[in-house]
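The next block holds one structure in the form of structure tokens; read it before the comments.
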Amino acid sequence: MLPNDLDELYKEVILDHYRNPRNAQRLDDAHVKAHGFNPFCGDEVDLQLRLNGDGAIREVGFQGRGCSISQASASLLTEELKGKTLAQTEALRQAFRRMMMGERLTDEERESLGGLEVLAGVRQFPVRIKCALLVFSALEDGIKEHRGRKR
Amino acid sequence: MFDPKAIRKDFPILARTVHGKPLVYLDNAATSQKPRQVIQTLVECYEMYNSNVHRGVHTLSMEATERYETARQKAADFIKSPAPEGVIFVRNTTEAINLVASAWATDNVGRGDEIVVSEMEHHSNLVPWQKVAAQKGAHLKLLPATDDGVIDVTALDTVITPRTKLVSVVHVSNVTGAVNPVKEIGRRAHQVGALFMLDGAQSVPHMPVDVQDLDCDFLAFSGHKMMAPPGIGVLYARLSVLEKMEPFLRGGEMVREVWYDHATWNDLPNKFEAGTPNFTDAVALGAAIDYLNALGMDAVRQHEVELGAYALKAFAQLEEVDVLGPKDARQRAGLVTFTAGDIHPHDLGTFLDHEGIAIRTGHHCVMPYHRKLGLVATGRASFYVYNTNDEVDLLVQSLKNALAYFAHAS
């Protein structure tokens, strides 16, 4: 039978998000546009965020192709973003990165991760951590660019 | 009698397990494992005669020099170089190609000249020429590949022209596995007065390669893919070409006389080996060549053709699996690059790793050709002398398991 730690990586939820990505739409007039590409494996993600007048994320769009971890991570993230401000998004990104590094999270951080916590098993597979982080580094760049434009 | 099961006993690493399963090492096109004989040679060097070569008059230096030069002779004989001076020790295939792109191209490629490579080149035989083309105002041209992943010889006369100064192609593709029709390509190159270079990284470790028969001016290969340590490789060059080339790196050992304002160059091959060479690993390469010669390169090739044929047949039974490259195992090396349904190669690689199976996944340093085929990444199983049909069976069974595992979520 299959080793358990493999199932720990490829949880049903993860495979489901890989097969059926959430928020799989392209938002044309987005405030934040994020593009992530890993030339090593060709994994690619595109995120678009539309913001409310008060700066909270109102709508999320996601397109991508690549391995199950990179795509599921992006799809799971889209489900956590709605209603968050960009600052809260940044805190979420930090929490996720710390989870991938195997660091101890505060209860608050764990809570902020929501559905993304299913990806905790990825940290047992060091070569795949980059896959999970792809969408987060794309988002970081996208937010930086957005703030640069606003300034 | 060629017996991979007996050969396996010479490779200590093959006895280890990965995730509790016996290691099935099918990533030989990336690097090969090392037999005890090569490992022992390294130990002996450090324990018995380690010292700098070509310098001291003491016993250790003389012994080290003698072994280093013996290794050069072995490498020369292995590829049928008429003279040991045609063998320049470098770090690897990449460095060998960069040596030519620097030392040769500087004086021999001009504005409007052409350098010809193929569509399926490894980055190491593409990126150095991009720089030469940009610096010299030369054109970098591509020989197309057929649908079977072989360099298309029908394009030779149009792509290679009297303006072509160098044709440099991969002998055996690390992606399609094709053994390219290099003699025809070389004939066309020489017909227009161009030099002809071969990237032998995937051919020299796996089949008899004869530089005189192939009539190439340069041949590059790496030791680590043929049972030697990483960090040692060979640039073979025709002596008449080498003699006219300026040095690559400048410094110690490559000089004859030095003044404050100028210097004269040492004889071949030292002129191209500036600084203390990697003599230890060169000697280990010599031991690897001894090992391969004892097996016989014809027998090595035969084994890999048979293993490749066995794998191709098994893969053909899997509906979701598509294999790149020629259909005929005799036209290809013992490597199989494939896609498995819509499983991303890295997911597949992780899955197989948990079954103890090591394959390569990704673009194999051949990004443009993958892009051309509409692929981002592929899986690749590549064989060597110690691989068996049983291991191919394990791979195929695990592939089936992976297809089932990743399918059940849909």
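Residue numbers begin at 1 in each chain, while the letters A, B, ... track the order of the sequences. When reading the values below, keep in mind they use all heavy atoms of this one structure, side chains included, and skip hydrogens, waters and symmetry mates.
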Quick check on [X]: does its [atom1] atom have over 12 non-hydrogen neighbours (other residues, nucleotides or ligands) under 6.0 Å away?
{"X": "A:Asp54", "atom1": "CG", "result": "yes"}
{"X": "A:Lys11", "atom1": "NZ", "result": "yes"}
{"X": "A:Arg149", "atom1": "CZ", "result": "yes"}
{"X": "B:Lys131", "atom1": "NZ", "result": "no"}
{"X": "B:Arg91", "atom1": "CZ", "result": "no"}
{"X": "A:Glu111", "atom1": "CD", "result": "no"}

Please examine the side chains of [Y] and [X], heavy atoms only from C-beta on, and report whether any two atoms are closer than 4.5 Å.
{"X": "A:Arg19", "Y": "B:Asp342", "result": "yes"}
{"X": "A:Asp43", "Y": "B:Val376", "result": "no"}
{"X": "B:His344", "Y": "A:Ser68", "result": "no"}
{"X": "A:Asp7", "Y": "B:Tyr405", "result": "yes"}

Original post:
If we ignore angles and hydrogens, is there a donor and acceptor under 3.5 Å between the side chains of B:Asp347 and A:Tyr18?
Top reply: no
Subject >> Which atom of A:Cys41 lies closest to which atom of B:Ala377, heavy atoms considered >> reply: O-CB, 3.9 Å
Subject >> Closest non-hydrogen atom pair between B:His346 and A:Arg128, with its separation >> reply: O-NH1, 3.0 Å
**OP:** Could you go through the ring-ring contact (aromatic ring centres under 6.0 Å, His included) check for A:Tyr10 and B:Phe351 one step at a time?
**Re:** CA-CA 10 Å; A:Tyr10 294 118; B:Phe351 187 94; 7.8 Å; no
**OP:** List the steps and the verdict of ring-ring contact (aromatic ring centres under 6.0 Å, His included) for A:Phe125 and B:His354.
**Re:** CA-CA 11 Å; A:Phe125 297 78; B:His354 273 69; 5.2 Å; yes
